Amino acid sequence: MSDRVSTPLTQFKILGQPVHLSTDYVSWLLDRLQQGIGTHVVTMNAEIVIQASHDLELATIISNADLVTPDGSGIIMALQLHGVKQPRYAGIDLGEDLLRLAGEPAHDYPVFFYGGKPQIVQRAAQKWATELPNLNIVGVEHGYLDAEEQSKLLHQIQITQPKIILVALGMPRQEIWIRDNFHLCPQAIWIGVGGSFDVWSGVKNRAPEYIRNLNLEWMYRIAQEPSRWRRALALPQFAVLAIIERIWGKHRLAPH
Ligand code: UDP
C-alpha cells in the first residue's frame with residue numbers, strides 16, 4: 001500500500017456536483033507533485049454543472065476528479081447562497097500559476113501544452129518560454145489531430161513524462177480526453193484549460209479586471225465571441241436551480 005496521501009480538501013456540492021474549497025490550491029497541488037501523486041483538475045462553472053446534470057459520463061468524470069476548482073462566478077454566488085465564502089479561481093489563473101511554479105529554478109516540472117489551433121498553441125507556449133526562461137516545455141501539440149497523430153501524441157506524452165499537462169480542447173472534450181489518458185502519466189497534474197491558449201497567444205483578450213470583479217467575464221466572452229450566446233443560456237438556468245436548491249435542497253460539506 002502506498003504511504004502517499006494528500007490533505008483532504010473540503011468539498012461542497014452544488015446541484016449534485018462537487019467543488020473543493022481552498023484559498024491555496026497551488027500549495028495543495030505542489031504537495032501532491034512532490035509526493036508523486038497525480039491530479040485530474042476540473043475547473044467548474046455553471047455551464048459544466050448544467051451539462052453534467054444530464055450527461056452521466058461528464059458527471060462521473062467530475063465526481064472522480066481529484067480537484068474541482070471554482071472557475072466561474074456562478075459557482076461563487078451559489079456558494080454564497082449557502083454562506084460559504086470562497087474566492088473565485090479562474091482556470092486560466094490556475095494554469096498561469098502552475099506555469100510559474102514549474103518555471104521556478106528550484107523546480108523541475110516538465111510541461112506539455114496540448115490543444116487549440118496549431119499556431120495558437122505554438123504562440124502560447126512561446127509566450128511562456130520567453131517569460132519563464134527556466135520552464136521546461138517538453139511538448140507542444142495542437143488540438144486537431146487525426147488518429148495517427150493522436151497516437152504519436154500519446155506516445156510522446158508517455159516518453160517525456162511531463163508533470164503538468166495543460167489541455168485546451170474545450171469542455172467536455174478535454175475532460176474526457178484526460179480521463180482516457182491519465183494513466184500515461186499518473187504522477188502529473190492534468191488540467192483542462194479551455195480557451196486559455198487563445199488568450200495567451202494574444203488572439204483573444206481576457207476580460208479586464210474590473211469586469212471580472214463585477215462577475216461579468218462570461219458576458220465579455222460572449223461580446224468577443226457572439227457564437228457563445230447559446231452556451232450562456234445555462235447561466236440563468238443554473239441561477240434558478242441554485243436558488244431552489246438553497247430554499248429546498250440539501251447541501252453537504254465534507255472532506256474529500
Ligand atoms: N479545440 C481544439 N480541438 C477541438 C475543438 C476545440 O483544440 O477539436 C480548442 C479550440 O481551438 C479552443 C479551445 O479548444 O482553443 C476551446 O476553447 P473554449 O473557450 O470554447 O473552451 P471552453 O469554454 O469550452 O472550456
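Bear in mind the structure is a predicted one, so any value in this text is a computation, not a measurement. As a basis for the values below, the full set of heavy atoms in this structure was taken, side chains included, without hydrogen atoms, waters or symmetry mates. Index from 1, following the sequence. In listed order, ligands and their atoms are each counted from 1.
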Can we say [X] and [Y] salt-bridge, meaning some charged N sits less than 4.0 Å from an Asp/Glu carboxylate O?
X: Arg206; Y: Asp93; value: yes
X: Arg32; Y: Asp66; value: yes
X: Glu57; Y: Arg179; value: yes
X: Arg231; Y: Glu225; value: no

Checklist entry - Using heavy atoms and a threshold below 4.0 Å, how should the contact between Arg221 and ligand 1 be classified: side chain, backbone, both, or neither? => result side chain

Next on the checklist: I need the contact type for Asp198 against ligand 1. Using non-hydrogen atoms and a strict under-4.0 Å cut-off, is it side chain, backbone, both or neither?
Outcome noted: side chain

Checklist entry - So Tyr109 and His107, would you call those rings parallel, tilted or perpendicular, with 30° and 60° as cut-offs? => result tilted

Checklist entry - Any idea which atoms of ligand 1 are less than 4.0 Å away from a heavy-atom of Gly116? => result 2 (C), 7 (O), 9 (C), 11 (O), 15 (O)

Item to check | Ligand-residue contact atoms, ligand 1 with Gly170, heavy atoms, under 4.0 Å | outcome: 13 (C), 14 (O), 16 (C), 21 (O), 22 (P), 24 (O), 25 (O)

Next on the checklist: With respect to Tyr144, determine whether any N or O atom, backbone or side chain, lies less than 3.5 Å from an N or O atom of ligand 1.
Outcome noted: yes

Checklist entry - Got an N/O contact under 3.5 Å between Ala168 and ligand 1? => result yes

Checklist entry - So, does Arg228 sit close enough to ligand 1 that a heavy atom of it is under 4.0 Å from the ligand? => result yes

Checklist entry - Strictly under 4.0 Å, does any heavy atom of Arg173 approach an atom of ligand 1? => result yes

Next on the checklist: Counting non-hydrogen protein atoms only, what is the nearest one to atom 3 (N) of ligand 1? Give residue, atom name and distance.
Outcome noted: Gly143 O, 2.8 Å

Checklist entry - With ILVMFWY side chains joined below 4.5 Å, transitively, what does Ile176's cluster contain besides itself? => result Ile61

Next on the checklist: Minimum distance, heavy atoms only, to atom 20 (O) of ligand 1: which one of Glu175, Lys117, Lys204, Arg231 is it?
Outcome noted: Arg231

Checklist entry - Just by distance, do the side chain of Trp128 and the backbone of Leu135 share a donor-acceptor pair under 3.5 Å? => result no

